[in-house]
Each structure stands twice: as C-alpha cells, then as structure tokens.
Amino acid sequence: MEVPPEMLDALAGWFAQSLSPDAAARRAAEQSISSASASPGFALALLGLSASPRHDLQARLAASVHFKNLLRRRWPKPDAEADDAADHLPASDCAIIKANLLQLLLSAPPLIQAQLSEALAAAAASDFPARWESLLPSIVSSLGTAVNAGDVAATNSLLAAAASLFSRFRNAFDNNALRLDLKYCLEIFAAPLLEVFLFASRRLQAAATTVNPLELRPVFECLRLCCEIFYSLNSIDLPEFFEDNMGQWMTEFRAFLTTSYPPPVEADGAPDALRAAVCDNLQLYMEKYEEEFRGYLKEFVEAVWGLLMAQTASPSRAQLAVTAIRFLTTVAESVHHALFGSPEAMKQICDSVVVPNLRLRDEDEELFEGNWVEYVRRDSEGSDADTLRRAACRLLRGLAANYRDQVAALVSAQVQQMLAAYAADRANNWKEKDAAIYLVIALMQKPGATGGGTPVVDMESFFTSVIVPELQAPDWQSEPMLKATVLRFLKEFRDQIPKAIALALLPSVVRFLTHESNVVHSYAATFIENLLIIKDAVPVPGVSTVTRSPRYVATDINPFAPQIIQNLSTALSFPDSYENPYLMKCLMRVLGIANIAGQIVHEITARLVGILMEVCNNPKNPDFNHYLFEALAAVIGRTGEQDPTLLPAFEASLFPVLQRILVEDISEFWPYAFQIFAQLVNLSRPPLSQNYMQLFGVLLSNATWDRPPCVPALVRLLRAFLRKIPNELNQEGRLPSILAISRSLLSRSSTEDSAFYMLNTLVENVGLDIMNPYISEIWSALFTRLQTRQAVKFVNSLAVFMSLVLVKYGSGVLVSSIDAIQPNLFTQILPRFWIPNLKLIKGALEVKLTAVASTKLLCECAVLLDAAAAQLWGKLLDSIVTLLSRTNQDGAQQDQNDGADAVDIQKTSGYSVSFVRLQYAGKSEDDLLKEVNDPKQFLVTSLATLSAQSPGRFGPVIEQHVDPANKSVLLQLCAAYNATIV
C-alpha cells in the first residue's frame with residue numbers, strides 16, 4: 001500500500017494543527033481535512049499515516065481515530081439505500097484496506113492499535129465473514145506462529161483484534177444470519193482460543209513466584225483477552241465446544257480466583273483485571289446456562305466470597321469487587337438463593353460486603369473534589385462503570401427479592417446505627433449519615449419502579465428528621481458530600497414530595513446553586529430541573545382516559561425565578577462550571593416555564609449571548625451547548641410572544657453572534673443558528689428588515705443546503721419566511737430555486753423527509769396562482785422518485801402531500817394536475833399507493849388531514865363518483881374506516897407541549913455535527929382543518945349528505961366492497977353521530 005510521502009506529510013501537519021489551542025489554526029486544519037476527505041484514496045492515506053513510524057505519534061493517533069470514524073460512516077453497507085451509495089468508500093480502497101489492515105495493526109503502538117482494532121471491527125461488521133473470508137484464518141495462522149514463538153505481545157495484539165471482531169455477538173439481535181456467522185467463527189476459532197488460553201495459563205503458573213509485575217503483565221493481559229472473547233462467543237447460546245470443554249475452562253477460572261501472587265504483582269492490578277473478567281463470565285453462565293453451570297456453582301460462590309473478604313492494595317480491586325458482587329447478586333436472585341438464606345450468611349453479607357462498600361472511600365473524596373464530572377456520572381447518572389455502592393445495594397435488593405423482611409430488619413437496624421453514630425459525633429461521623437441516606441435511596445420504592453421496594457424506614461419521618469435539617473442548616477457550605485447526597489435524595493423521591501412542601505423547601509435548595517462544590521450546585525440544579533418536569537395523571541371528564549399535565553406551572557415558579565436565574569448565572573462563572581450542562585439545563589427549564597419581564601430579560605439574554613460568544617471559540621461540550629441554545633430559544637419564545645417590543649433587542653443581541661457562526665463556519669452550531677433565525681422570523685412582522693432578506697437570499701443558495709445536518713433547520717427557516725412573505729416567491733426566480741433544492745433533497749432517502757416538509761410548506765402558504773405553473777414539475781419529480789422508492793415511509797409522505805394539495809386547492813386541481821402528467825394517472829396512483837397506505841398513516845394531524853382529504857375525494861371527486869369507479873370508491877371508504885378505527889393513533893393523547901421533552905442529546909465519544917431540534921424554538925404545526933373537529937363525524941355526515949342526493953346508490957357499493965368488520969364500525973359511527981346512509 002503506497003501513499004505519496006508528501007500526502008502523508010500534509011495530513012500529519014493538518015492533524016497536528018487540529019490539536020492546536022488556537023481556534024483559527026484548528027478550524028483551518030479541520031477544513032483542510034474535510035476537503036481532503038472527498039478525494040480518492042483519503043482512507044488509504046489515513047491508514048498509511050497511522051502506520052507511519054516517522055511521523056509524530058499524536059498526529060498518527062488523531063489519524064487513526066479519524067480512520068476509525070470514517071470506516072464507521074462510509075464503509076459500504078450491504079443493506080444501504082442505492083442513493084446513499086455515493087458516499088461509500090470506493091470498492092478498490094476497501095479491498096486494499098482489507099488486505100493490509102491486520103498486518104499494520106500488529107505493528108502499531110498500543111494506542112493506535114486500539115483504534116485500528118475498532119476500525120477493523122467496523123469494516124468487519126459489514127463484510128465479515130461473507131466478503132472477508134481471509135480475515136479469521138489469517139488471525140488464527142498468525143496466532144499459531146506467535147504462540148509457537150512464545151511471543152506474548154504479538155499474541156495479545158491478535159487477540160485484541162479478535163475481541164473487537166467478536167464483540168458484535170454480545171449485543172446484536174439474535175437471528176439465523178447471526179447464528180450462522182457465530183457458527184463459522186466457532187468452527188475456526190474456538191479450539192485455537194482454548195490452546196492460547198491454556199498456553200498462557202501454563203506460562204503464568206510457571207512464573208507464579210515472579211515478583212516483577214512487568215514480566216507477568218502481558219501474560220495476565222493475554223488471559224484477560226481470552227476471557228473477553230470467551231464472553232462474546234458464549235453470549236448468544238452455549239456452544240457445543242465450550243460445553244464439552246467446560247471443565248478445562250472452569251478449572252483455570254477457579255485457579256485465577258483462588259491463587260495469590262506476590263504483593264508487587266497484586267499491586268500492579270493485572271491479576272484483579274483478569275479476575276474481574278472471570279467473574280463476568282461466571283455471571284453470564286449463571287444467567288444463561290444455569291443448568292450446565294450448577295455443578296460448579298458452590299465452589300465459585302466460595303471463591304468469589306473469599307476474594308471479597310481478602311485485603312489487598314490492588315488499585316483495581318474496586319472494579320473486581322463490583323463484578324464479584326454482581327455475580328453474587330445473580331446467584332441471590334436465582335433458584336440457588338438458599339446459599340445466602342441463613343441469618344448468619346445474610347448478616348455477614350450486610351456487615352462484611354454491603355456496609356464497607358457503602359461508606360465513602362478516600363478515592364471517592366478525591367474524585368468528588370478533583371473530577372466532579374466523573375463523580376456525578378458514576379453517582380447519579382448510572383454510568384456503565386458500576387460503583388461499589390451501587391453494586392452493594394443491588395446485592396441487598398437481590399436478597400430482598402426472596403428475603404424481604406429479613407433484609408428490611410437488617411438494613412433498618414443498620415440505618416439507625418449509622419444515624420446514631422452521626423448524632424454522637426456530627427463533625428467526624430458525617431459519612432455514617434451519608435451511607436444511611438444512600439441505603440434508603442437504594443432500597444426504598446421509587447415512583448414508577450417495579451417491585452414493592454424494601455421498607456427500611458418510615459419515609460415521612462426520615463424526610464423530616466434527616467433530610468430537611470441538612471437543607472435548612474445555617475452551615476450549608478459544610479460537608480459538601482453529605483449535602484450532595486441529600487440533594488440526590490430529593491431528586492430520587494421528587495414525585496413523592498407534596499407540592500406545598502417542595503415549594504416551601506425551594507428557597508433552601510436555591511441557595512445551594514451557589515455552593516462552592518461543583519457537585520453540590522450541579523445536584524441542586526438537577527433537582528430543580530427534574531421537579532419542574534413532573535407531570536400528574538389527570539382524568540378526562542366523561543372519558544375513560546387520562547391526560548398528563550405539569551404539576552408545577554408558571555405561577556408556582558414565578559416567585560422564585562429571579563433568584564434561581566441569578567444564582568445559576570453566578571454558578572456558571574465558578575471554576576470548572578463555565579460549561580456545566582446541569583446548570584444550563586436548569587436555566588433552560590426555568591426560562592421555558594417562568595414568566596419573566598423587564599430588566600431580567602435583557603440581563604439573561606446578554607449573559608447567554610456572552611457565554612455563546614465564548615463557546616464559539618472552542619465548541620467542546622455538546623450537552624452544554626445544546627441547553628445553551630435551548631435557553632436562548634426559551635427566552636425568545638416566551639418573552640417575545642408576550643412582548644413583541646422585545647424583538648429589536650433580541651435582534652441586536654443575537655445577530656452578531658449568529659452571523660459569526662455563519663461567517664466563521666462554526667459548523668457545529670449551524671443547525672442551531674438557523675433554528676434561532678427561524679424563531680426570530682416567526683416573531684417578526686412584514687415587511688421584513690433588510691437583514692432578514694439577505695438571509696433569505698443565502699437560504700436560496702444551493703451551497704447552503706450542501707450540509708445534511710443543516711437541512712431540517714433550513715427547512716424550518718424557509719417555512720418561517722414563507723409564512724411571512726409568500727408573495728416574495730414571485731420575484732427573482734425564488735420559487736424555481738426552492739423547487740430545485742427540494743428535488744435535490746428528494747433524491748436521497750436521508751433527506752426526503754425534509755423535501756416533503758418543504759413542499760408541504762409551499763402548499764400551505766402559497767396560493768394556487770403562484771404555484772400553478774410549477775405543480776406539474778412537482779408531480780413529475782415525485783412520481784419519478786416513486787418508481788424507485790416505494791418504501792412505506794415515502795408513500796405515506798406522498799399521500800400526506802397529495803391530501804394537502806386536495807384540501808388547499810381542491811380535488812379537481814389534484815386530479816387534473818396529476819392527469820396532466822399522464823392521462824388517467826390519478827386513478828392508477830389511487831389503488832396502488834393511496835388506498836393501501838392510508839391505513840398506515842401516523843400522527844394526529846396527518847391522520848386527520850388524510851382522512852378528511854380522502855372523504856372529500858369520496859364525496860366531491862367526479863372521477864370517483866362515476867358509476868364505473870364503484871369498486872375504487874368502496875375500497876377507499878374501507879381504508880378510511882380502517883384508519884379512523886385504529887385505537888392507538890399516534891398523538892391521540894398528547895401531553896401539554898411545555899418543552900419538557902427538550903432532548904437530552906446522545907452522549908458520544910466525539911463531537912459530530914448533527915441536527916438536534918430545539919424544542920423551545922419549535923412552532924407547533926398548523927391544523928389546516930380547524931373547522932373539522934372530528935374526522936369520524938366529518939366522514940359519516942359527508943356520506944349521509946352524498947347518499948341523500950342519490951338514495952339507494954351507495955348502500956350496495958358499501959355492502960360489496962367494504963370489509964364486514966369495517967361495515968360494522970361504519971354503522972356504529974352513523975349511530976353515534978345520528979347520520980344515515982340511505
């Protein structure tokens with residue numbers, strides 16, 4: 001694989017600059033990389049740089065990460081849409097990558113090797129094994145060579161590649177194709193894996209007394225990788241090979257758990273990492289293959305129990321303890337729970353496992369103070385990395401599933417003992433109270449949780465005597481970890497706190513927003529934000545359904561809003577909280593609910609714009625940035641609609657930063673900027689200012705639409721303009737420009753939704769006099785696409801658009817404009833696409849629109865009222881009744897749109913540009929049929945009126961062409977609305 005040296009040098013320079021603290025240099029480098037990515041051979045150049053020893057390691061690492069992500073995005077997928085194939089890597093590049101990737105991976109440094117292993121897995125997800133038959137045999141052959149040579153480092157590199165390859169079996173949906181792939185892998189790899197495993201185990205036994213951890217670390221890692229692969233290959237079903245050789249595997253597993261190594265080796269952590277992997281495998285077998293595993297269960301319970309009792313200086317003992325406790329929990333929840341059922345065993349679990357692991361450790365305090373983000377992630381968000389505290393409490397809950405009263409008595413006594421110790425010495429024993437509160441959080445029933453919970457305390461008494469005093473204490477800055485746990489208690493049980501009490505305590509919580517601890521003010525913000533999105537079920541009078549309405553509304557929060565906003569603004573200037581997403585999310589929620597006015601509006605707008613100006617220099621926190629834009633949208637939306645005179649102030653504040661985003665090409669923020677622009681346009685009154693008209697010109701440029709993540713936001717902006725200035729389309733060729741853009745969007749399945757949204761917007765807002773010269777062009781584009789794209793999603797969107805044309809312009813225009821493309825085309829489209837797909841339409845407004853439009857077709861369209869079209873008429877009616885009789889229509893019961901669904905964007909390992917909708921910037925969809933309250937009533941009354949004009953004509957058609965079940969539904973509807981079809 002030859003890559004020109006000058007290309008490698010250029011790439012290395014760009015990647016080095018992409019890590020620069022200088023924003024301008026960084027963006028220039030990113031732009032250069034982006035431009036180069038479109039050129040042939042780019043992926044090969046990335047791989048070449050990753051493997052080039054003469055270049056800087058950081059640049060090589062950055063290239064390997066980019067290579068991995070490129071393969072994830074652009075490696076050809078077997079089931080990809082044809083129109084998405086243009087973005088795939090060329091087949092020739094893929095072939096070269098597959099031929100070279102494994103060997104380059106083996107020679108790469110460890111950090112780069114990890115990235116290339118993931119890249120290999122990304123390519124293999126599509127091509128392995130069917131289109132990459134040489135991969136696994138190559139790995140096995142190289143493994144044999146490495147083992148024969150005693151080369152543990154090379155063995156580990158190959159095992160790491162195999163582990164990445166097989167990891168897909170852990171979480172993939174079980175189906176026949178996956179099982180065939182697994183069978184192929186087992187036939188080739190199961191026996192070599194056991195050989196490597198036994199080779200490494202013998203090597204470890206031979207060197208068991210070695211005191212130099214550096215000598216043994218590669219061997220432990222080899223065994224750990226074998227255990228990782230063991231887990232993947234056993235995840236779907238118990239393979240026959242592993243069942244036949246279970247004794248060999250289990251013998252070695254038990255040896256790893258029960259063997260002690262010299263203190264320097266134990267302190268290195270490698271033995272515990274291996275033991276943790278063994279415990280994961282034991283838990284897998286306990287959960288899925290209990291019958292085959294039960295003969296080994298007792299000895300492994302004893303071995304794992306012994307590990308938890310042993311004292312060690314290993315830095316990885318905490319993670320081992322988590323996996324060990326998880327295994328014991330699985331046993332406690334199984335039919336073998338009697339192993340822990342005796343009072344002595346249960347007390348020992350509580351005293352020796354649970355309580356020691358519940359108390360805060362020195363490492364927890366260091367994390368709390370030194371890395372608050374990770375502390376919150378582990379403690380409150382239930383991260384993938386389980387904590388000792390969480391694991392210990394889960395073990396208690398597992399025991400409580402079968403021994404509820406015994407566990408409740410033990411834990412209740414423990415809680416009282418901890419609280420008594422705190423009362424005796426508050427200054428030194430605050431950790432006891434912290435542990436007691438944590439126990440209650442873990443074991444008491446929470447709203448919406450399954451199971452009965454374990455009643456360890458009287459909740460009302462505990463809340464009054466333990467929680468409230470901490471909230472109201474004068475020394476509210478003291479013992480921050482205890483205060484954080486108290487605030488977490490409030491968050492966990494917020495639904496159970498009566499509204500009056502919550503509002504009474506709110507001032508106490510609000511002061512914690514300015515606590516010097518990042519964790520404490522983050523937890524205070526999280527509680528307030530969570531409190532404001534609580535919804536209560538409210539019965540609908542006269543109907544057997546309920547709706548959900550917010551418990552806290554503007555009048556509840558208004559008295560506290562100024563102080564909350566001020567404290568949050570203060571906290572956002574604290575060290576390490578400049579971009580605190582919990583603070584910004586709380587601010588967003590308060591601004592979206594409270595009614596604010598006057599000076600505070602100008603102050604908070606200026607503060608938010610100042611923060612946005614700062615993060616434009618380096619957009620590194622996607623969550624924070626999203627909530628920042630939501631907060632801006634909330635201020636604009638709520639206050640702008642209440643007081644239109646604020647619009648000039650908003651424009652003066654926001655236009656400079658929004659223009660900076662566009663001019664400096666801060667691509668991460670483009671989708672947000674266009675949504676804010678759309679919001680400002682929606683609030684404006686025609687005629688629009690020159691600034692907006694210049695933006696309208698930019699919007700009509702094809703180049704603006706070349707970024708797929710921006711397309712939905714651009715469509716929203718276009719919609720806003722069309723609502724304000726529809727007649728402007730007649731000028732300067734603007735409508736043809738829009739239609740050209742819509743055709744481009746329509747050509748790709750990934751953007752066809754936006755194309756329909758754009759076309760729907762045109763029909764909704766533009767009169768027939770302007771649209772008429774172009775409507776045939778629109779139908780031609782849609783029906784041409786329909787020839788190759790007949791997916792349900794596309795056809796449903798087409799049916800909605802056709803319904804919109806009918807409702808807005810009339811059935812005559814719909815039929816004649818379609819037939820102008822080809823004679824009688826409408827009567828071909830109707831039975832092939834409209835009628836079959838009508839019953840599949842989803843969404844409250846879409847269901848109403850298509851049902852009413854179809855009813856109008858039945859009762860107004862001359863083509864369908866022709867006697868020769870009786871069968872078509874009957875089939876369309878049958879489909880309308882099916883649509884309206886669905887009991888679970890999407891959107892039939894909608895919560896009040898209060899912004900409570902403001903999205904929590906997905907956590908990703910990197911920052912990629914994508915469209916995320918701003919909930920507070922969203923304008924609710926218009927109902928073009930406000931005069932129709934009930935589409936069911938509209939159907940039967942329209943039919944009754946039609947049949948009265950031709951008595952006896954339509955009854956036989958209904959009898960012959962409508963499904964019997966739907967005829968029954970139609971009769972019920974007629975009776976319900978006092979209508980008669982004669």
What verdict does the side chain to side chain contact (heavy atoms under 4.5 Å, CB included) test give for L297 and L339, after you've listed the backbone C-alpha separation in whole Å, the side-chain angles of each residue and the deciding distance to 0.1 Å? CA-CA 10 Å; L297 180 60; L339 287 170; 4.2 Å; yes
For F300 and W305: C-alpha separation, side-chain torsions, deciding distance, then whether side chain to side chain contact (heavy atoms under 4.5 Å, CB included) applies. CA-CA 8 Å; F300 276 115; W305 187 271; over 6 Å; no
Checking side chain to side chain donor-acceptor pair (under 3.5 Å) for the pair S577/N518: CA distance, chi angles, key distance, verdict? CA-CA 7 Å; S577 273; N518 300 93; 2.9 Å; yes
Considering residues at least two apart in sequence or located in another chain, which fulfil the side chain to side chain contact (heavy atoms under 4.5 Å, CB included) criterion with V468?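 V468 satisfies side chain to side chain contact (heavy atoms under 4.5 Å, CB included) with F463, Q472, L505 once adjacent residues are dropped.
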Is there a donor-acceptor contact under 3.5 Å from the side chain of [X] to the main chain of [Y]?
X: N567; Y: T514; answer: no
X: T464; Y: S461; answer: no
X: S334; Y: H336; answer: yes
X: D379; Y: R488; answer: no
X: W372; Y: D576; answer: yes
X: S478; Y: D475; answer: yes
X: S342; Y: A345; answer: yes
X: N530; Y: R494; answer: no
X: S569; Y: I565; answer: no
X: D556; Y: V553; answer: yes

E432 and L419: side chain to side chain contact (heavy atoms under 4.5 Å, CB included), yes or no, with the steps? CA-CA 7 Å; E432 295 295 307; L419 293 176; over 6 Å; no
Distance in Å, [X] [atom1] paired with [Y] [atom2], rounded so as to fall on 0.5 Å steps:
X: L223; Y: F256; atom1: CG; atom2: CZ; answer: 4.5 Å
X: Q406; Y: L399; atom1: CD; atom2: CG; answer: 10.0 Å
X: Y261; Y: D268; atom1: OH; atom2: CG; answer: 13.0 Å
X: Y627; Y: L591; atom1: OH; atom2: CG; answer: 15.0 Å
X: N281; Y: F327; atom1: CG; atom2: CZ; answer: 11.0 Å
X: L587; Y: L572; atom1: CG; atom2: CG; answer: 7.0 Å

With side chains defined as the heavy atoms from C-beta onward, is the minimum distance between [X] and [Y] less than 4.5 Å?
X: M250; Y: R254; answer: no
X: C279; Y: R326; answer: no
X: C393; Y: V354; answer: no
X: F293; Y: L282; answer: yes
X: E374; Y: V376; answer: no
X: S522; Y: N580; answer: yes
X: E363; Y: F368; answer: no
X: H521; Y: F574; answer: yes

Ion pair check, [X] and [Y], cut-off under 4.0 Å:
X: K347; Y: E344; answer: no
X: E365; Y: K431; answer: yes
X: R426; Y: E470; answer: no

Measure across [X] and [Y] and return the closest heavy-atom pair with its distance rounded to 0.1 Å.
X: N625; Y: K620; result: ND2-N, 4.2 Å
X: R361; Y: A318; result: NH1-CB, 3.6 Å
X: L487; Y: A524; result: CD1-N, 3.9 Å
X: V353; Y: L395; result: CG1-CD2, 4.0 Å
X: A324; Y: L308; result: CB-CD2, 4.0 Å
X: A332; Y: H337; result: O-CB, 3.1 Å

Before giving the answer on side chain to side chain contact (heavy atoms under 4.5 Å, CB included), spell out for V456 and V407 the whole-Å C-alpha distance, their side-chain angles and the decisive distance to 0.1 Å. CA-CA 9 Å; V456 296; V407 170; over 6 Å; no
Qualifying ring-ring contact (aromatic ring centres under 6.0 Å, His included) pairs, either residue in residues 406-436, two or more places apart: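 Non-adjacent pairs meeting ring-ring contact (aromatic ring centres under 6.0 Å, His included): zero.
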Among I611, D623, V615, find the one that has a side-chain contact (heavy atoms from CB on, under 4.5 Å) with E579.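 By the side-chain contact (heavy atoms from CB on, under 4.5 Å) criterion, E579 pairs with just one of I611, D623, V615: V615.
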For atom NZ of K298, is the number of surrounding heavy atoms from other residues, nucleotides or ligands below 6.0 Å larger than 12?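 Count not over threshold, so no.
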Neighbour count above 12 (heavy atom, 6.0 Å) for K288 NZ: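 Yes, the 6.0 Å shell around NZ holds more than 12 heavy atoms from other groups.
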What about the rings of Y523 and Y375, do their centers lie closer together than 6.0 Å?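 Between Y523 and Y375, the centre distance exceeds or equals 6.0 Å.
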Do F230 and Y285 have their ring centres less than 6.0 Å from each other?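 Close enough - the centres of the two rings lie under 6.0 Å apart.
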Polar side chain donor-acceptor pair, [X] to [Y], under 3.5 angstrom:
X: T323; Y: D280; answer: no
X: S235; Y: R170; answer: no
X: T329; Y: R394; answer: no

Under 3.5 Å, which donor-acceptor pairs link side chains of residues 434-442 to any protein atom two or more places apart or in another chain?
unit_1: D434; atom_1: OD1; unit_2: R389; atom_2: NH1; d: 3.4
unit_1: D434; atom_1: OD1; unit_2: R389; atom_2: NH2; d: 2.2
unit_1: D434; atom_1: OD2; unit_2: T485; atom_2: OG1; d: 2.4

Under 6.0 Å from the ring centre and within 45 degrees of the ring axis: does the NZ or CZ of K499 meet both conditions for the six-membered ring of Y552?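 Yes; both conditions hold, so K499 lies above the ring face of Y552.
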Anything under 30° is parallel, anything over 60° is perpendicular, the rest tilted; go ahead and classify F512 against H515.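 Rings of F512 and H515: parallel, under 30°.
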